[in-house]
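Here the structure comes first, spelled out in structure tokens, and everything after it is commentary.
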Amino acid sequence: MTENTRGAAQDRAEPVGVVGAGTMGVGVCQSLIQAGLDVVLVEPDARAADGARERLAQSLRLTRLLGRGPAEVGGRVQWAHSPEALDGVGFVVECAPENRDLKESLFAELDRICPPRAVFASCTSAIPIALLAARTSRPERVLGLHFMNPVPLKDTVEVVRAEATSQETMDRALALLGRLGKETVVVPDGPGFVLNRVLMLCIAQAAALVDEGAADGATVDAVFEKCLGHPMGPLRTADLIGLDNVMDTMAVLREQTGDDRYAAPPTFAALVADGHLGRKTGKGFHDYS
Ligand code: NAD
């Protein structure tokens with residue numbers, strides 16, 4: 001057996017680890033179990049875990065009703081409070097909050113716990129993969145898998161190949177994504193990769209227009225949706241991502257690039273401070289109540 005086929009066989013036999021059961025972690029978990037894989041899902045916050053269980057069950061129910069999911073996926077998820085539960089997994093998808101210190105220490109912890117052959121993929125929106133890989137003894141087995149939200153419904157993943165990422169790691173990641181039915185676009189490493197380097201500027205500028213009173217949110221989004229045919233304008237996209245997550249992503253981009261255009265305009269920061277985080281709380285730039 002070659003290194004590659006041994007890796008693929010191990011990925012099939014072993015459960016996949018998912019770290020963080022928020023918007024993305026639950027979506028990744030759903031896609032994995034619908035593809036017939038077992039998952040160990042790590043969520044340290046008990047309340048977040050309860051909410052995640054409910055969202056996952058609801059989403060699976062809906063998928064079944066629409067005839068798009070297998071009838072039985074119960075028992076495929078092992079819930080855990082700590083990464084120690086990942087000591088037998090061959091592939092980890094990290095979906096913790098967009099915070100560099102937090103993710104760096106998580107990667108060091110995963111490196112200590114997981115088997116040496118395990119691949120670590122981060123779902124980070126903007127943190128360079130090389131920074132996370134540097135906290136491990138296996139930089140060749142680290143890459144970025146920037147899934148889109150909602151994960152089960154989005155066809156394509158932005159795959160980030162860092163300088164140290166090996167071909168074997170790419171092959172194992174692409175095989176796993178193939179099993180999930182995902183297409184891929186491979187991009188180089190760097191702050192925000194390709195998508196968020198561009199998208200976050202667009203969201204910041206859209207929010208600045210609203211701040212200046214030049215146009216309201218509905219008008220800004222209508223221009224993108226109607227004139228360009230985008231399914232969602234930049235502010236509705238920000239609401240979907242979560243305004244807290246967008247602010248964290250902009251902060252990473254500003255820190256990593258030194259470009260002040262990534263600063264969140266005041267109204268944006270005020271929405272987050274008031275707990276209006278977009279769709280997940282029912283209000284952001286738009287009202288979803
Ligand atoms: P989220 O806030 O919804 O979920 C994060 C989860 O991680 C929470 O449940 C939190 O309790 C948990 N957590 C906190 N500390 C942890 C730790 N030490 N170990 C394990 N879990 C921990 O965030 P999200 O929107 O799911 O984003 C997760 C990652 O995916 C971020 O890096 C984000 O930038 C990226 N991302 C988000 C989107 C999106 O649309 N929301 C899209 C692509 C990528």
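Atoms within a ligand are numbered from 1 in the order they appear, just like the ligands themselves. When a residue number appears, it is its place in the shown sequence, counting from 1.
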Shortest protein contact, [atom] (heavy atom only):
atom: atom 29 (C) of ligand 1; answer: A96 O, 3.3 Å
atom: atom 34 (O) of ligand 1; answer: S125 OG, 2.6 Å
atom: atom 13 (N) of ligand 1; answer: P97 CD, 3.6 Å
atom: atom 32 (O) of ligand 1; answer: E98 OE1, 2.5 Å
atom: atom 12 (C) of ligand 1; answer: E43 OE1, 3.3 Å
atom: atom 16 (C) of ligand 1; answer: P44 CG, 3.7 Å
atom: atom 4 (O) of ligand 1; answer: G22 CA, 3.2 Å
atom: atom 33 (C) of ligand 1; answer: N245 ND2, 3.1 Å

Taking only heavy atoms of [X] into account, list the atoms of ligand 1 that are under 4.0 Å away from them.
X: K103; value: 31 (C), 32 (O)
X: C123; value: 30 (O), 35 (C), 36 (N), 44 (C)
X: T23; value: 3 (O), 25 (O), 26 (O)
X: V19; value: 19 (N), 20 (C)
X: H146; value: 43 (C), 44 (C)
X: L102; value: 18 (N)
X: F147; value: 42 (C), 43 (C)
X: T124; value: 32 (O)

Region of I241 that comes within reach of ligand 1 [heavy atoms, distance under 4.0 Å]: both
When you check the side-chain N and O atoms of [X] and [Y], is any donor under 3.5 Å from an acceptor?
X: Q167; Y: R161; result: yes
X: H230; Y: D221; result: no
X: T169; Y: E140; result: no

Pair Q30-S59, side-chain hydrogen bond (donor to acceptor under 3.5 Å, both in side chains): steps then yes or no: CA-CA 8 Å; Q30 181 178 342; S59 187; 2.6 Å; yes
Distance flag, aromatic centroids of F91 and F120, threshold under 6.0 Å: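 Between F91 and F120, which both carry aromatic rings, the centre distance is not below 6.0 Å.
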Is there a side-chain contact between [X] and [Y], using heavy atoms and a 4.5 Å cut-off?
X: F147; Y: L180; value: yes
X: Q34; Y: T63; value: yes
X: V252; Y: R254; value: no
X: V77; Y: I33; value: yes
X: E168; Y: R117; value: no

Ligand 1 N/O within reach of N149 N/O, cut-off under 3.5 Å: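 The answer is yes, given that N149 and ligand 1 share an N or O pair closer than 3.5 Å.
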Short N or O distance, V42 and ligand 1, threshold 3.5 Å exclusive: no
4.0 Å protein heavy-atom contact status of atom 25 (O) of ligand 1, strictly under: yes
Heavy-atom protein contact below 4.0 Å for atom 2 (O) of ligand 1: no
Proximity flag E94 to ligand 1, non-hydrogen atoms under 4.0 Å: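 No; E94 lies far enough from ligand 1 that no heavy-atom distance drops under 4.0 Å.
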Contact with ligand 1 for A21, non-hydrogen, under 4.0 angstrom: yes
Approximate separation, where rounding is to 0.5 Å, of N149 CG and L240 CG: 4.5 Å
Working for side-chain hydrogen bond (donor to acceptor under 3.5 Å, both in side chains), residues D111 and S137: CA-CA 7 Å; D111 192 47; S137 61; 3.0 Å; yes
Salt bridge R47-D45, side-chain N to carboxylate O under 4.0 Å: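 Judged by the 4.0 Å cut-off on N to carboxylate O distance, R47 and D45 do not form a salt bridge.
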Reference residue R135; test salt bridge (charged side-chain N to carboxylate O under 4.0 Å, His left out); the match among E94, E109, E104: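 The single option meeting the salt bridge (charged side-chain N to carboxylate O under 4.0 Å, His left out) with R135 is E104.
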